[in-house]
Q: 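My structure is below; once you've seen it, I'll send some questions.
Ligands are counted one by one from 1 in listed order, and the atoms in each one are counted from 1 as well.
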Amino acid sequence: MRIVDLRSDTITKPTPSMQKAMAQAEVGDDVFGEDPTVNRLEEMAADRMGKEAALFVASGTMANLVSELAHCGRGDEMILGDQAHIFFYEQGGSAAIGGIHPRTVPNQSDGKIALQDIEAAIRPDNIHFPRTRVILLENTHNRCNGNPLEVEYMDSVGKLALSYELKVHVAGARIFNAAVALGVDARDLVSKADSVSFCLSKGLAAPVGSLVCSTRPFIEKARRARKVLGGGMRQAGILAAAGIIALTEMVERLADDHANAKRLAEGLAGINGISIDPKLVKTNIVFFDITRSDMTAEQLAGKLADKGLKVLPLSPKQLRAVTHYHITADDIEYALDVFVKVMG
Ligand code: TLP
């Protein structure tokens, strides 16, 4: 049976050139700082984000957590959107492990947080309050249609943070999707941010890994946090080698994923029982809902899966499809045919 797997861009497998690079990677003990391939990836990542230094970590969750731990002490507060991946899907690790108090403010439908809402959440110095330390932005914003947040907005939050002596962390798991969709350099999206995390193992198709980029002293703090979390990997150059290919060969092609997602959204909009506004789809994430159908999201996902099409049910009436390296334009047409058959 033909399988079209749109559950996530995390399901991608390493490309042939990644496999070759991994097999030939020069390695050393990275806890001693002696893995040349990890060191090269970290230098490359720092440069791609316009930052001084970078740290290779196991996952997006770890990248965000070590960044939060480097920004905040126990009892400090971080401001983030109520739809943030960090808030929804990272097990509350900031609180559970870091003792960091999450202060959520509403995300707008485009993933931004209104400046006045951020400002209203900043704590004055008062013995009753935790201390606000950092503002977290997510770009692209996963739960807000994968929307890319523009340079002007990112800069305006940076400026606000600076005026209150706060820091900004960009949870940029898909920052290159944002850069490609907006036609800007990723550096410009994070130039006012103090730290940024991004993932190699989503749209860029590497098997494992994320990076944190910031100043050298911040990265040294993050390195200590990574070690206590058990993330000090040894001959990690085998993984970093794939990451180098991800950065050098896999960024530009994200435009294809965006075009495929757009086509999928436009097709879905014409199908009975499905509600979606294709205008909202600007990167590789497609949310749609089936409030006009009798089926639940789980039931629909089950029926589609019986025909080889995999999508992710996210709530009783909402589903998500994500395009990636293994999905072709023809797969999208095939997927739409399956949707038509199943929705009747
Ligand atoms: N997101 C996954 C699921 O957790 C939902 C997905 O399929 O989209 N930040 C963002 C914005 C993410 O989307 C994800 C993964 C992460 C962080 C966490 O990355 P990992 O899974 O590497 O810890």
Q: Whether E43 and R40 form a salt bridge (side-chain N of Lys/Arg under 4.0 Å from carboxylate O of Asp/Glu) is what I want to check.
A: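 No, no charged N to carboxylate O under 4.0 Å.
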Q: Hey, does R174 sit under 4.0 Å from ligand 1 if you only count heavy atoms?
A: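 Right, R174 reaches ligand 1.
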Q: Using 30° and 60° as the class limits, which term best fits the ring planes of Y89 and H85: parallel, tilted or perpendicular?
A: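 Judged by the thresholds at 30° and 60°, the geometry between Y89 and H85 is tilted.
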Q: Does the pair R143/E138 count as a salt bridge with the N-to-O cut at 4.0 Å?
A: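 Result for this pair is no, no salt bridge flagged.
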Q: Distance under 4.0 Å to a non-hydrogen atom of S59: what atoms of ligand 1 satisfy this?
A: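 Contacts of ligand 1 toward S59, numbered from 1: 22 (O), 23 (O).
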Q: Which ligand 1 atoms, with their elements, are less than 4.0 angstrom from a heavy-atom of A173?
A: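 Answer for ligand 1: 9 (N), 10 (C), 11 (C).
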Q: Identify the protein heavy atom lying closest to atom 7 (O) of ligand 1, giving its residue, its atom name and the separation to 0.1 Å.
A: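 Minimum-distance protein heavy atom for atom 7 (O) of ligand 1 reads S8 OG, 2.7 Å.
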Q: Quick one: pull up CD1 in I271 and CD1 in I290 and give me the separation to the nearest 0.5 Å.
A: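 Reported to 0.5 Å precision, the distance equals 12.0 Å.
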Q: Under 3.5 Å between any N/O of T61 and any N/O of ligand 1: does that happen in this structure?
A: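 Yes, T61 has an N/O under 3.5 Å of an N/O on ligand 1.
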Q: In plain terms, say whether D125 and R131 are close enough for a salt bridge, that is, a side-chain N and a carboxylate O under 4.0 Å apart.
A: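 No, this pair does not count.
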Q: Answer with yes or no whether E90 contacts ligand 1, where contact means a heavy atom under 4.0 Å from a ligand atom.
A: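 It does, in that a heavy atom of E90 comes within the 4.0 Å cut-off of ligand 1.
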Q: Is M62 close enough to touch ligand 1? Criterion: a residue heavy atom under 4.0 Å from a ligand atom.
A: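 Contact check M62 vs ligand 1: negative.
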Q: Counting heavy atoms only, which part of R320 comes closer than 4.0 Å to ligand 1: side chain, backbone, both or neither?
A: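 Looking at R320 and ligand 1, just side chain atoms fall under 4.0 Å.
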Q: Please work out whether any backbone atom (N, CA, C, O) or any side-chain heavy atom from C-beta onward of N142 is under 4.0 Å from ligand 1, and answer side chain, backbone, both or neither.
A: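 For N142, only side-chain atoms sit under 4.0 Å from ligand 1.
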Q: Quick check: does T140 get an N/O under 3.5 Å from an N/O on ligand 1?
A: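 N/O-N/O distance below 3.5 Å does not exist for this pair.
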Q: Would you say the side-chain atoms of E249 and S17 include a donor-acceptor pair closer than 3.5 Å?
A: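 A pair is found: one side chain offers a donor N or O, the other an acceptor, under 3.5 Å apart.
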Q: Contact between S94 and I86 at the side-chain level, heavy atoms closer than 4.5 Å - yes or no?
A: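 They are in side-chain contact.
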Q: Just by distance, with hydrogens left out, do E90 and N64 show a side-chain donor and acceptor under 3.5 Å apart?
A: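 Indeed, the side chains of E90 and N64 share at least one donor-acceptor pair under 3.5 Å.
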Q: Which residue and atom name correspond to the protein heavy atom nearest atom 22 (O) of ligand 1, and how close is it?
A: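 Looking only at protein heavy atoms, the one closest to atom 22 (O) of ligand 1 is G60 N, 2.8 Å.
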Q: What is the distance from atom CD of E77 to atom CD1 of I135, rounded to the nearest 0.5 Å?
A: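 Spacing of CD (E77) from CD1 (I135) equals 11.5 Å.
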Q: For ligand 1, indicate whether the residue K202 contacts it via side chain, backbone, both or neither (heavy-atom separation under 4.0 Å).
A: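 For K202, the contact with ligand 1 is made by the side chain alone.
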Q: Go through ligand 1 atom by atom and flag the ones less than 4.0 Å from a non-hydrogen atom of E138.
A: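 The atoms of ligand 1 under 4.0 Å from a heavy atom of E138 are 11 (C).
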Q: Just need the protein heavy atom nearest to atom 2 (C) of ligand 1, so name the residue and atom and give the distance.
A: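 Nearest protein contact, heavy atoms only, for atom 2 (C) of ligand 1 is H85 NE2, 4.0 Å.
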Q: When you look for heavy atoms under 4.0 Å from ligand 1, do you find them on the side chain of R7, its backbone, both, or neither?
A: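 R7 to ligand 1: no contact under 4.0 Å from either part.
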Q: Give me the ring orientation class for F218 and H71: parallel if the planes are under 30° apart, tilted from 30 to 60°, perpendicular past 60°.
A: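 Tilted: the ring planes of F218 and H71 meet at 30° to 60°.
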